[in-house]
2 protein chains.
Amino acid sequence: MKTSTPSSSIEDYVKVIYSFTEWQRKPITSTQLAQRLGVANSSVSEMVRKLKDQGLVDHKPYSAVTLTSDGVRLALSMVRRHRLIETFLVRELGYRWDEVHDEAELLEHAVSDTFIERMAAKLGNPTRDPHGDPIPAADGSVLMPAAHRLSELDDGHTGRITRISDDNPELLRYLAAEDIDLDAEVEVVGRRPFGGPMVVRIGSAPAPREFDFADEVASALWVHSDAGHAGCSVTES
Amino acid sequence: MKTSTPSSSIEDYVKVIYSFTEWQRKPITSTQLAQRLGVANSSVSEMVRKLKDQGLVDHKPYSAVTLTSDGVRLALSMVRRHRLIETFLVRELGYRWDEVHDEAELLEHAVSDTFIERMAAKLGNPTRDPHGDPIPAADGSVLMPAAHRLSELDDGHTGRITRISDDNPELLRYLAAEDIDLDAEVEVVGRRPFGGPMVVRIGSAPAPREFDFADEVASALWVHSDAGHAGCSVTES
DNA sequence: AGAAATTATTAGGCATACCGAAACAATAGG
DNA sequence: CCTATTGTTTCGGTATGCCTAATAATTTCT
């Protein structure tokens, strides 16, 4: 269990392991890790051993990888960095939604804690990034909004968009062009037959617009359903 | 002569080689390079070979290292990055003079060209950084202010501070505490005997303050002398 | 000029992080 | 149940960039 500053690769591994479990339920496997990081499986095996040596993950050969509490702490600090940087790029430097991810990916490993905290202060300590993802606080506490994929909402139900997956830039550009943004009101009108697209109404009462959303779109949008389901606050030490 | 993206080490080497010749006249030697980069001499020999392979420097064994025009181009872009980032940290994130250098050092290798240009635009395309160093334009043109070390100014002469060396953070804090800043008026009153400190008056007519500056201070301050010496504009393709 | 001191380069190693290919587990199908 | 497929790890190898120690070139000093 070394105490040295983690390399940026290690930060990436830990962040990806964390992010996977943030919205999925299952822990991540080697192959999934390799895919998300764009490296060979063999590289993952090697790095996972290193992460284990440093006490950041638990791992038994041939099974999934989970974070230790140290790992979660590191992951949260990286996620905080990433999302604060994204917010900063959008609010202060005029970046568009779909441009911020890659830039944040580079910056998050480079800047100092001082930089992050000055930036956070300047932004007024935001708790959501431009895609609606929660920004962990400096002490590691996270407010996870209760959210479901729009694709899983039942017909007739209404809700509000609380999160938009940022892993498809093209999709983000489409949504931006259609002026579909966080906090928009959504109503599920129904589904086209034979597994066809979902029909939804988006926008406030006077002028709602109707869209046919392919599954790819409907599952990238996460909504807070008006019926029940309170938010929950999770604190990690 | 490869065309790949230069690694951050290569960027550092090229930047240091350039910076050395920016205010000195002589090209830099291996040992000086090693000292400024904080690496062993042998590492320099090795890297210089690599820089030469990539067409960034000219070098014959056992002699000094000079940049090729490609090298100068790369160096200018790194210097531009560094100084814009410093300016940004001071103006937008409330960093102090003496804090910016290390942070900029990290950021300059990480951010994209897009980031740099958006930042420059937001700052109004400044041409001097917080220490008075010229910021090269995106096209590689630099406005070098005509400046001399205060320590070399003759008794009785007056001038204006145009640059403050940023390599000693403690000195920067001292100057900040004494409220000595860029563009201040300076008059050389005289020198204390036996190589003692220089006596200078700093500040505008109504309330000039008198200081005894050790050589270390007097040579960190660069002034534009009121007598003659016009600025010159140098353009590198 | 020749020895001594300085400066520079080469040689051999180390750590990180990646790869492809080969070997080894685990699960699924017949 | 035992083989086939898929998933995972191990093994050798690559590239970067750094180190120390040894060697070679260049100055400097007497």
Side-chain angles (χ1 to χ4, degrees), chain A residues 1-17 20 24 26-67 71 74 78 105-106 108-110, chain B residues 1-17 20-21 24 26-67 71 74-75 78 105-106 108-110:
Chain A
M1 202 203 298
K2 285 168 199 164
T3 334
S4 60
T5 308
S7 72
S8 73
S9 293
I10 284 178
E11 290 172 347
D12 274 337
Y13 276 79
V14 166
K15 194 184 62 171
V16 169
I17 296 167
F20 187 86
Q24 319 282 127
K26 301 281 162 208
I28 196 167
T29 66
S30 297
T31 304
Q32 289 169 321
L33 242 181
Q35 280 169 349
R36 301 209 165 199
L37 287 162
V39 300
N41 282 355
S42 55
S43 308
V44 170
S45 289
E46 204 177 281
M47 280 301 271
V48 166
R49 185 161 5 99
K50 192 169 299 182
L51 297 187
K52 194 179 170 189
D53 288 349
Q54 303 194 6
L56 294 170
V57 302
D58 289 326
H59 180 237
K60 294 177 131 66
Y62 296 98
S63 65
V65 183
T66 55
L67 292 173
L74 175 58
M78 294 314 296
E105 200 78 15
L106 297 173
E108 66 191 9
H109 303 296
Chain B
M1 203 205 298
K2 286 170 199 162
T3 335
S4 60
T5 309
S7 71
S8 71
S9 292
I10 284 178
E11 290 172 347
D12 274 338
Y13 276 80
V14 165
K15 194 184 62 170
V16 169
I17 297 167
F20 187 87
T21 4
Q24 319 282 127
K26 302 280 161 208
I28 196 168
T29 66
S30 295
T31 303
Q32 288 168 321
L33 241 181
Q35 280 170 348
R36 300 209 165 202
L37 287 162
V39 300
N41 281 358
S42 55
S43 307
V44 170
S45 289
E46 206 175 279
M47 280 301 270
V48 166
R49 185 160 5 100
K50 192 169 299 181
L51 296 188
K52 194 179 171 188
D53 288 349
Q54 302 194 8
L56 295 169
V57 302
D58 288 327
H59 179 237
K60 294 175 132 64
Y62 297 97
S63 65
V65 183
T66 55
L67 293 173
L74 175 58
M78 294 314 296
E105 200 78 14
L106 296 173
E108 66 191 9
H109 303 296

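Letters A, B, ... are given to chains in the order of the sequence lines, protein chains preceding strands, and every chain is numbered from 1. Bear in mind that the values here come from a model prediction, so they are computed numbers and not experimental data.
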Please set out all donor-acceptor pairs under 3.5 angstrom arising from side-chain atoms of residues 30-38 of chain B, sequence neighbours excluded.
unit_1	atom_1	unit_2	atom_2	d
B:Q32	OE1	B:T29	N	3.0
B:Q32	OE1	B:T29	OG1	3.1

Which protein N or O atoms sit under 3.5 Å from an N or O of nucleotides 6-10 of chain C?
unit_1	atom_1	unit_2	atom_2	d
C:dA8	OP2	B:T31	N	3.0
C:dA8	OP2	B:T31	OG1	2.2
C:dA8	O3'	B:Y62	N	3.3
C:dT9	OP1	B:H59	NE2	3.2
C:dT9	OP1	B:Y62	N	3.3
C:dT9	OP2	B:S30	OG	3.1
C:dT9	OP2	B:S45	OG	2.9

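- Atom-to-atom distance recorded for B:L67:CG and B:F20:CZ is 12.0 Å, nearest 0.5 angstrom.
- Checked by atom type and distance alone, the side chain of B:T21 pairs as donor or acceptor with a backbone atom of B:I17 at under 3.5 Å.
- Close to D:dC18, at under 4.0 Å from its OP1 or OP2, lies a side-chain N or O of B:Y13.
- As rounded to whole Å, 8 Å separates atom P of D:dC18 from atom CG of B:L37.
- Straight-line distance from the CG atom of B:D53 to the P atom of D:dT16: 10 Å, rounded to whole Å.
- When the P atom of D:dT6 is taken as reference, atom CD of A:Q35 falls 14 Å away, rounded to whole Å.
- We find that NE2 of B:H109 is positioned 11 Å from P of D:dG17, with the value rounded to whole Å.
- Between A:M47 atom CE and C:dC19 atom C1' there is a gap of 14 Å when expressed in whole angstrom units.
- Residues A:Y13 and A:S43 form a side-chain contact, since some pair of their non-hydrogen atoms from C-beta on lies under 4.5 Å apart.
- Between A:K50 atom NZ and D:dT9 atom P there is a gap of 15 Å when expressed in whole angstrom units.
- A:K15 places no side-chain N or O within donor-acceptor distance of the main-chain N or O of A:M78, the cut-off being under 3.5 Å.
- To the nearest 0.5 angstrom, A:M47 atom CE is 8.0 Å from A:Q54 atom CD.
- As judged by a 4.0 angstrom heavy-atom cut-off over every strand, B:A40 is placed among the base-contacting residues.
- Applying the 4.0 Å criterion to OP1 and OP2 of C:dT16, one finds that A:S7 has every side-chain N and O outside that range.
- The side chain of B:V39 lies closest to D:dC19 when the candidates are C:dA17, D:dG17, D:dC19.
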